Amino acid sequence: MSVRLSGTPASPGVSIGPAFLLDVEEIRVMKKELGSDGEVEQELRRFHKALEETRNELELISEQVSDIIEGKQLIEVHILLLNDPSMISDVEHRIRGERVSAEYAVSRVLYDVLERFDSMKDPYLRNRSVDVRDVGRRVMANLLGTEREALKNIRNPVILVSRDLDPSQTAGLSRRQLLGIVTDLGGSTSHTAILARSMGIPAVVGLGDVAEYAVPGQTVIIDGIHGNVILDPEEDQLEYYSELKKRYNLAEAEIALNSENPAVTGDGVPVELSANIEFSQEADQVGRFGGRGVGLFRTEFIRLLAPEMEDDEEFHFRAYSHVLKTIAPDPVIIRTLDLGGDKFLDSIPTLERNPFLGWRAIRICLDRPEKFGVQLRALLRAARFGNERIMLPMITDQFQILRVRSMLEEIAGQLDRAGIRRGEIPPLGIMVETPAAVIALDHLLPHADFVSIGTNDLTQYTLAVDRGSPYVSNLFDPFHPAVVRQIEMAAGRCRESEKWIGICGQMASDPLAIPLLIGFGINELSVPITLIPDVKEMLKAIRMNEVRELAAESLMMESGEQIRSFILKYVESRYPEIILDEIHRDREDGGS
Ligand code: PEP
Ligand code: MG
């Protein structure tokens, strides 16, 4: 009987194929004592040979991912760990002193190191244990002679099912052997997700218990667009997803052809359509999907991939320069670190009961000017490589913008005095994501060069509904009149002050929201890269004079559901069937 699971869509596309279960190997092995000195010497040689093999493997992976800045960085950290002299000498001591086999010595040293990591107070260091474990498993596999990457031997491509994947495992995978990846753990910004996306392999993560249910060889369907996975599908499910796969692949092929088409409404009004990105290498895909700029670069990735790099100006600089050069001459809106709330909560030492109302985003940045200064310096230095704009998250008060502006001026002066090249101070914009910012926008606008509405947070803060809580998710409704009216208010204020306004929350790619947002006069929609072609289709289907009226009428409606049904009636005669199917399926599933 088929099993349907839903998780987090991590890399788009549809795949159907046989399951390959990747075991999570245990590190500890049985103790084996050695007899003669000759045996001890032989174990030492085996250990060094395994180190050498592991080094070669990692270097090979590093070459394979050389165009992915963050992936390469990660493998370099692994090579550093592998070469750590104190770990190497600990293993040698154990082999010599305790006269035990190389695998036993390695397993004991790893066990001790991991225990030390797990008990560390510093959450960044504690998180590094995943890298130590990964490197350790590689050395172990080389010692035990097991072909750790049994995947290498696979002739027919498979769907990889695993509890979790180590970063370097994912980096070493090849597109020819893999139809897709599904894992129990991980989120859309986990390493697996990033690398799957960059390889163009569909992936769904955070499934909870897929590794438990899956049977080797059984047929698996992955729907990386919506985050669904079906094990042992029924005939009708196979039919439906084969069709979806065909349509997706056709759409993919058309993407290349249509990417040059401009984003315009049916009556020829141009709309700026840009991409939300989370990792610098994603910038390479924006043009391919027909985007014309980056409307939101969430720089939190630094905390995810390399927390220890947060203070490394060069790391920031390289990432920003890459995106700016790739997207130039189109604009790139780089948002300063938005930590706190639900993002990297573990790494923010806080006892707050309501982290979303606490030390978050711009508040953290302004309280840690040295760390924030590193990001601002890198932004100023990178600005000369493209069309950069800086955006501040969660602004509620004008002093926050003024403080950042004066920091930027001060840092620009320091760079000039030190003879370090930089660009002009870029336009400084704000995210409008609280009712405070909307209601007092007239006091913020004189200090901000542009605005982008973060509808995810605006909905959460307006309706007092935690955006991550499953208990109140039925109340999280961006179409609620209180949210919709605020979007209209913000757009109106910006129009009066002749300030540019975009939307970068999830609402910007919602088929039902698009007529509304365009009707309110929003200048730009910033959406996940893979949705750009769909949004272009939706824009083509609507008319400016009609959606203006529609938006005005929606302000009179009494509930989110009324607004949605009202817009649905309008788009039903206009949107392509594939998009209408999606809207209907979402409504059946109870989604908004
Ligand atoms: C938002 O709040 O809508 C937004 C775009 O920011 P994030 O989702 O990163 O909080
Ligand atoms: Mg936000």
Side-chain angles (χ1 to χ4, degrees), residues 6 9 225-228 240 244 247 265-267 269 271 273 435 438 453-467 469-492 503-522 525 527-528 531 533-592:
S6 61
I225 309 162
H226 306 96
N228 297 321
Y240 174 81
L244 188 66
R247 283 200 293 184
T265 61
D267 45 353
V269 181
V271 175
L273 181 55
V438 177
I453 304 183
T455 47
N456 308 336
D457 276 314
L458 185 61
T459 307
Q460 137 163 294
Y461 290 126
T462 299
L463 304 178
V465 171
D466 182 332
R467 61 194 259 190
S469 165
Y471 303 108
V472 286
S473 59
N474 60 325
L475 294 174
F476 186 91
D477 185 6
F479 288 87
H480 188 292
V483 181
V484 168
R485 286 180 188 179
Q486 286 188 78
I487 296 172
E488 192 271 337
M489 270 172 75
I503 299 247
C504 58
Q506 214 155 305
M507 205 175 179
S509 55
D510 185 317
L512 289 181
I514 286 169
L516 198 61
L517 302 175
I518 299 303
F520 285 147
I522 296 291
L525 302 176
V527 307
L531 297 180
D534 278 3
V535 175
K536 259 190 202 172
E537 287 297 308
M538 296 178 220
L539 289 171
K540 228 165 55 186
I542 61 175
R543 304 214 176 296
M544 198 57 161
N545 56 345
E546 292 170 353
V547 292
R548 266 204 206 109
E549 231 171 81
L550 180 102
E553 270 186 67
S554 73
L555 291 172
M556 255 81 89
M557 310 253 153
E558 291 169 18
S559 69
E561 187 43 42
Q562 260 190 27
I563 298 180
R564 254 188 251 108
S565 309
F566 178 59
I567 304 172
L568 183 60
K569 248 188 245 136
Y570 169 70
V571 296
E572 249 166 359
S573 57
R574 290 166 174 78
Y575 276 173
E577 204 179 316
I578 184 165
I579 292 168
L580 289 171
D581 278 357
E582 206 164 298
I583 298 176
H584 289 301
R585 188 142 37 86
D586 262 6
R587 284 168 75 78
E588 274 160 30
D589 290 350
S592 55

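Every value quoted in this text rests on a predicted model; they were computed, and no experiment measured them.
Atom CG of Leu475 is separated from atom OG1 of Thr459 by 12.0 Å, given to the nearest 0.5 angstrom. Between atom CD of residue Glu546 and atom CG of residue Asp267 there is a gap of 7.5 Å, rounded to the nearest 0.5 Å. Taking CG from Leu458 and CD1 from Ile503, the interatomic distance works out to 8.5 Å, rounded to the nearest 0.5 Å. To the nearest 0.5 Å, atom CG of residue Leu525 and atom SG of residue Cys504 are 10.5 Å apart.
When all heavy atoms of Asn456 and Gln506 are compared, the closest pair comes out as OD1-N, 2.9 Å. Here the shortest heavy-atom pairing between Ala490 and Ile453 reads CB-CD1, 4.0 Å. Taking all atoms of both residues into account, the shortest heavy-atom contact from Gln562 to Glu558 is OE1-N, 3.1 Å. Nearest heavy-atom pair, Val484 versus Ser554, reported as atom, atom and distance to 0.1 Å: CG1-OG, 4.2 Å. Among all heavy-atom pairs drawn from Gly560 and Pro481, the shortest one is N-CD, 3.7 Å.
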Item to check | Verdict with reasoning, Leu568 to Leu512, per side chain to side chain contact (heavy atoms under 4.5 Å, CB included) | outcome: CA-CA 7 Å; Leu568 183 60; Leu512 289 181; 4.2 Å; yes

Next on the checklist: Could you walk me through whether Phe520 and Leu555 satisfy the side chain to side chain contact (heavy atoms under 4.5 Å, CB included) test, starting with their C-alpha distance in whole Å, then the side-chain angles of each, then the deciding distance to 0.1 Å, before giving a yes or no?
Outcome noted: CA-CA 10 Å; Phe520 285 147; Leu555 291 172; 4.0 Å; yes

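When side chains are defined from C-beta on, Met507 counts as touching Ile487, because their heavy atoms get closer than 4.5 Å. Side-chain contact between Leu463 and Phe476: absent, with no pair of heavy atoms (C-beta onward) separated by less than 4.5 Å. Inter-residue side-chain proximity for Leu516 and Phe566 is flagged as unmet; no heavy-atom pair is nearer than 4.5 Å. A 4.5 Å side-chain heavy-atom check between Val571 and Pro511 finds every atom pair outside the cut-off. Counting heavy atoms from C-beta on, the side chains of Ile567 and Leu550 come closer than 4.5 Å. Counting only heavy atoms from C-beta outward, the side chains of Tyr471 and Asp466 never approach each other to under 4.5 Å. Counting heavy atoms from C-beta outward, Leu539 and Ile518 have side chains that approach closer than 4.5 Å.
Take Ser6 and apply the side chain to side chain contact (heavy atoms under 4.5 Å, CB included) test, not counting sequence neighbours, and it matches Asn228. By the salt bridge (Lys or Arg N to Asp or Glu O under 4.0 Å) test, Asp581 is found to be paired with Arg247, residues two or more places apart in sequence or in another chain being considered. The salt bridge (Lys or Arg N to Asp or Glu O under 4.0 Å) check on Glu553 picks up nothing, with sequence neighbours excluded. For Arg548, there are no salt bridge (Lys or Arg N to Asp or Glu O under 4.0 Å) partners, not counting sequence neighbours.
A donor-acceptor contact shorter than 3.5 Å is absent between the side chain of Tyr575 and the backbone of Ile583.
Applying the side chain to side chain donor-acceptor pair (under 3.5 Å) test to every pair with at least one member in residues 533-544, sequence neighbours left out, gives these pairs: Glu537-Lys540. Listed by first and then second residue, the side chain to side chain donor-acceptor pair (under 3.5 Å) pairs that reach into residues 480-489 are Thr462-Gln486, sequence neighbours excluded.
Summarising the local packing, CD of Glu572 is surrounded by more than 12 heavy atoms from other residues, nucleotides or ligands at distances under 6.0 Å.
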